[in-house]
Each structure stands twice: as structure tokens, then as C-alpha cells.
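No hydrogens, no waters, no symmetry mates; every other heavy atom, side chains included, goes into these values.
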Amino acid sequence: RVSIAVEEDIFRELVISADSHNCGTTAGAISASYNLGSTLAPVAVNSANVIFKINDCGSVMGEQNLPTTSEAFWMVIDQKMANLLGGSELRLSWAMGDGKSLELKGGQHKIPHLDCFDIYLSNILPKVAMYNENGESTGNTYRYVVFGHKAALTFAAQLTENEALPNPFGFGTLHRGLTVFGFKVVQPKCLGVMVVNYADNPIVAVPLRITAY
């Protein structure tokens with residue numbers, strides 16, 4: 001519960017702190033050619049294009065000329081996007097580049113390293129209801145997907161108070177403590193945001209592979 005409370009605060013800050021070149025419908029510090037969606041026009045993501053949209057995020061990071069050391073880049077997605085990745089071409093062994101498909105490797109709960117990003121799952125990414133031009137709810141929501149370089153954020157936490165006290169509801173003792181934490185986005189150019197609206201899943205066509213004998 002402490003972790004959830006901390007992450008909710010951090011995610012709310014991240015979605016408003018990214019550099020303007022790393023979000024929006026014209027993302028890209030050099031080309032301005034990548035559509036990462038906006039709150040007015042979230043980008044539609046499905047199993048056919050989800051990998052391409054992650055690649056767009058990687059290209060946006062690349063245009064910031066950030067150091068590309070191992071395990072430097074990260075992306076946080078929600079369970080729905082993980083589901084779409086599980087239904088994408090990653091489910092096919094030849095697309096994985098080895099003898100096992102994503103399903104055999106553990107499915108959507110074992111998402112591999114994609115593009116330049118280590119992929120993490122979270123159920124508490126900010127979610128916002130969508131409304132039409134008349135201010136009426138459409139019944140849909142858009143989600144924020146956050147990504148970046150490890151240099152984007154600083155974080156510190158400490159357990160400052162600890163005490164044991166009798167359990168008022170039974171035998172034994174309880175423990176409680178006070179956790180304090182702080183964080184700051186120190187490099188906005190190392191942080192990006194994609195605003196997504198999940199569309200219906202189309203059928204992913206499997207291309208015919210012809211081998212000459």
C-alpha cells in the first residue's frame with residue numbers, strides 16, 4: 001500500500017513534466033514526426049500497431065541524443081497494453097527470433113525488452129475519462145504511458161519512525177512506521193509521455209513465409 005501511494009504521486013508528476021519534444025502529436029526534437037497522442041486526440045493503439053508505437057517512443061528518445069548505455073531506458077505500461085503485446089506478432093516464435101513464442105515464455109506477464117526499453121507493468125497509471133464536444137462522457141478513457149531514461153528522475157525515501165504496539169484485536173504486537181519520500185524530475189528531456197486510447201483488436205495477419213528448397 002505504501003508503494004502504491006508513492007507511485008500514484010510520482011506518476012501524476014511524470015505525465016506533466018516531460019519535455020514538449022517528447023510528447024504530443026508532433027513529438028521528436030529533430031523531426032517532429034511522431035504522433036504520441038494528446039488529451040484531445042489520444043493515439044489509437046491495438047495489437048497491430050502497439051509495437052510500432054513503442055518504436056516511435058524509442059525514436060523520440062533517440063532524437064534527444066541521450067546516452068544509450070545498457071538498461072538505461074524504461075517504459076511503464078498498463079495491463080491492457082500488455083494484453084495487446086501478448087496478441088501482437090510477439091506471440092509468434094519467428095517474430096521473437098528464437099524457438100519460443102511470447103506465450104511459451106510466459107505471455108503478457110513476461111514482456112521482453114522492446115526497442116530500447118525495459119518494460120514494466122503498473123495498474124495505477126493515470127486514467128482520464130473522455131468527453132465529446134458537448135461535454136458528455138463517451139464511456140471511454142485514455143491512458144498515459146510514461147517512458148524515459150534513468151537520468152530523468154531522482155527519488156529518495158526513508159523510514160523515519162518505528163514502533164511496536166499491542167494488537168487491540170487479538171494476541172501479539174503490531175508494527176507501524178512513518179515513511180517519508182521525495183522526488184524530482186531533473187531532466188525533462190529524458191522523460192516522455194504517450195496518451196493512448198485502446199481500440200478494438202483487429203486480427204493480426206500472419207504473413208506467408210516461403211522457403212526455397
Side-chain angles (χ1 to χ4, degrees), residues 1-24 27 36-39 42-43 45 50 53-54 57-58 60-61 64 66-67 69-86 106-130 141-165 167-169 172-198:
R1 291 180 180 178
V2 171
S3 176
I4 290 174
V6 170
E7 290 177 9
E8 284 177 339
D9 277 355
I10 293 176
F11 285 143
R12 281 193 293 266
E13 183 69 22
L14 292 184
V15 299
I16 62 172
S17 300
D19 186 273
S20 60
H21 293 109
N22 299 343
C23 54
L36 300 187
S38 68
T39 55
V43 62
V45 176
V50 61
K53 297 314 297 183
I54 292 176
C57 295
V60 167
M61 289 285 95
Q64 289 285 11
L66 300 175
T69 55
S70 177
E71 299 180 353
F73 292 94
W74 51 267
M75 173 178 283
V76 184
I77 65 175
D78 64 356
Q79 193 62 60
K80 178 62 176 178
M81 182 172 282
N83 177 274
L84 296 180
L85 284 169
Q108 59 185 293
H109 303 289
K110 295 289 184 180
I111 301 298
H113 182 96
L114 292 176
D115 196 80
C116 62
F117 299 111
D118 287 329
I119 306 295
Y120 300 93
L121 268 65
S122 174
N123 289 323
I124 56 176
L125 286 168
K127 178 175 63 174
V128 182
M130 296 178 65
T141 58
Y142 61 79
R143 284 272 191 175
Y144 292 97
V145 172
V146 293
F147 60 92
H149 188 276
K150 63 183 181 181
L153 182 76
T154 60
F155 176 83
Q158 185 175 3
L159 191 63
T160 61
E161 302 288 343
N162 291 277
E163 65 178 4
L165 63 160
N167 182 358
F169 306 108
T173 58
L174 302 178
H175 174 269
R176 66 181 178 185
L178 175 64
T179 299
V180 296
F181 68 94
F183 60 91
K184 183 177 178 62
V185 175
V186 292
Q187 293 284 350
K189 75 173 186 177
C190 297
L191 179 65
V193 177
M194 180 165 58
V195 185
V196 301
N197 176 33
Y198 296 120

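A distance-only check finds a donor-acceptor pair linking the side chain of Trp74 to the backbone of His149 [under 3.5 Å]. In this structure a side-chain-to-backbone donor-acceptor pair under 3.5 Å is present from Asp78 to Met81.
The closest side-chain heavy-atom distance from Phe183 to Asp9 is below 4.5 Å. For the pair Gln64/Asp19, a side-chain contact is recorded, criterion being any heavy-atom separation below 4.5 Å from C-beta on. Put simply, the side chain of Val45 reaches to within 4.5 Å of the side chain of Leu84, judged on heavy atoms. Taking the side chain as every heavy atom from C-beta outward, Tyr144 and Val195 approach each other to under 4.5 Å. Side-chain contact between Leu36 and Phe147 is present, with heavy atoms from C-beta onward closer than 4.5 Å. Looking only at side-chain heavy atoms (C-beta outward), Val50 and Tyr198 stay at 4.5 Å or farther from each other. Thr179 has its side chain out of reach of Val6: every pair of non-hydrogen atoms, C-beta onward, lies at least 4.5 Å apart.
Ala157 and Phe181 make their closest contact through CB-CB, 3.9 Å (heavy atoms, listed as atom of the first residue, atom of the second, distance).
Within 6.0 Å of atom CD in Glu161, 12 or fewer heavy atoms from other residues, nucleotides or ligands are found, so the atom counts as exposed in its surroundings. Within 6.0 Å of NZ in Lys189 there are 12 or fewer heavy atoms belonging to other residues, nucleotides or ligands. Phe155 CZ: more than 12 foreign heavy atoms inside a 6.0 Å radius.
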Quiz item: Hey, mind stepping through Ile77 and Leu85 against side-chain contact (heavy atoms from CB on, under 4.5 Å) and telling me if it holds?
Solution: CA-CA 10 Å; Ile77 65 175; Leu85 284 169; 3.9 Å; yes
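One distance of note links CE of Met61 with SG of Cys190; it measures 7.0 Å at 0.5 Å rounding. In this structure, CG in Leu165 is found 9.5 Å from NE2 in His175, a value given to the nearest 0.5 Å. Between Leu121 atom CG and Lys80 atom NZ the span is 13.5 Å, to the nearest 0.5 Å. In this structure, Met194 CE and Ser38 OG are separated by 13.0 Å, a value rounded to the nearest 0.5 Å. Summarising the geometry, atom CD1 belonging to Ile119 is positioned 5.0 Å from atom CD1 belonging to Ile54; distances are rounded to the nearest 0.5 Å.
Partner of Asn22 under the side-chain contact (heavy atoms from CB on, under 4.5 Å) criterion, chosen from Val60, Val193, Leu191: Val60.
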